[in-house]
Amino acid sequence: MEIEELKKIQQECAKKVIQRDDFEKLITVGGIDLTFEDIKSNPTKAWASIVIVDINTLKPVYEDVVEGLVDFPYIPTFLAFRELPLMLELYQKIKIKPDVYFIDGQGVAHPRGCGIASHFGVATNSVSIGVAKTKLFGYYKEPEEKRGSYSYLTYKGSIVGAVLRTKDRTEPVYVSVGHRISLKKAIELVLRTSIYRIPEPTRLAHNLLQKVRKRLY
DNA sequence: GCGACAG
DNA sequence: ATCTTGTCGC
């Protein structure tokens, strides 16, 4: 498929994104992550996992894994075309749906307004938030060193996300609206679910995958 | 033209 | 994302 067509898909997706709170409750949070058996080869075997935690205890209440083949390469700004298919398989498989999903990567903090977190939210019509470890798009000033402080990610005068410190004196994470939630709530939720730098749902989903990849699970 | 560039 | 042990700092 041509790159231009993929751009159009992202532009259409961006039009559907809802950047305001559109949910009843926010009790369970699911973190989704992917890992690859051999990132050098294409296609490569991969696994997607989800760990759902209760917002009050931050303890897992459900976890699941799916295995599949990924044949699309990693191309900056087109991550969704590589990782979304397996995430959607996982979505279909899970017996319990969380109230909100944390997706590794950007939401609307994307050149065409539809990073993988927004793409996932729109595709499944669910509430989603993008939580990335590094920046893809936008400008910002370094937030204060204390946990909870943040600065906005901006582009051409508009706010596209936030750079949030989830732990004192630790590198911040990049939060942006995925779908059906406001940036304000997204920031609050990521902070509330963070004990370490990476919020618990995502951190646990990542840990689970490391075990799966090493056949320890 | 040059630099940046989620995972 | 992944390859990898020890090591520095809270």
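Hydrogens, waters and symmetry mates play no part in the numbers below; they use all other heavy atoms, side chains included. By convention in this document, chain letters (A, B, ...) are assigned in the order of the sequence lines, proteins followed by strands, and residues within each chain are numbered from 1.
- Ring-plane geometry between A/Phe81 and A/Phe72 is classed as tilted, the angle between the planes lying from 30 to 60 degrees on a 0 to 90 degree scale.
- A straight line from NE2 of A/His110 to C1' of B/dA6 spans 8 Å, rounded to a whole angstrom.
- Counting to the nearest Å, the P atom of C/dC10 and the CZ atom of A/Arg197 are 18 Å from each other.
- A/Lys40 comes within contact range of no nucleotide atom at all, as no heavy-atom separation falls under 4.0 Å.
- Between A/Thr134 and B/dC5, a side-chain N or O to OP1/OP2 separation shorter than 4.0 Å is absent.
- Which of B/dA6, B/dC5, C/dT2 sits closest to the side chain of A/Lys135 comes down to B/dC5.
- Closest to the side chain of A/Thr35, out of C/dT2, B/dA6, B/dG7, is C/dT2.
- Computed from coordinates, the A/Asn42 CG to C/dT2 C1' distance equals 15 Å when rounded to whole Å.
- Distances shown here put a side-chain N or O of A/Lys133 below 4.0 Å from the OP1 or OP2 atom of B/dG7.
- Distance, A/Gln106 CD to B/dA6 P: 8 Å, rounded to whole Å.
- In terms of position on DNA chain C, the residue among A/Arg169 and A/Leu34 whose nearest nucleotide sits closer to the 5' end is A/Leu34.
- Within the 4.0 angstrom heavy-atom criterion, no nucleotide atom of any strand lies near A/Phe72.
- Distance A/His119 NE2 to B/dG7 P: 18 Å, rounded to the nearest Å.
- Nearest approach of A/Gln106 to A/Leu136, heavy atoms of both residues: NE2-N, 3.6 Å.
- Note on ring orientation: taking the six-membered ring where Trp is involved, the planes of A/Phe137 and A/Tyr155 are tilted (angle from 30° to 60°).
- Nearest nucleotide to the A/Gln210 side chain, out of C/dT2, B/dG7, B/dA6: C/dT2.
- Rounded to whole Å, the distance from CD1 on A/Ile75 to P on B/dC5 is 17 Å.
- Side chain of A/Arg20 to backbone of A/Ile181: no donor-acceptor contact under 3.5 angstrom is found.
- Within the structure, a side-chain polar atom (N or O) of A/Arg213 is placed less than 4.0 Å from OP1 or OP2 of C/dT2.
- When the C1' atom of B/dG7 is taken as reference, atom CG of A/Asp71 falls 16 Å away, rounded to whole Å.
- If you take CG of A/Leu164 and C1' of B/dA6, they are 17 Å apart, rounded to a whole angstrom.
- Ion pairing between a basic and an acidic side chain is recognised when a charged N comes within 4.0 Å of a carboxylate O; A/Glu171 and A/Lys135 show no such pairing.
- Centre separation under 5.5 Å together with a plane angle under 30° holds for the ring of A/Tyr74 and the six-membered base ring of B/dG7, marking them as stacked.
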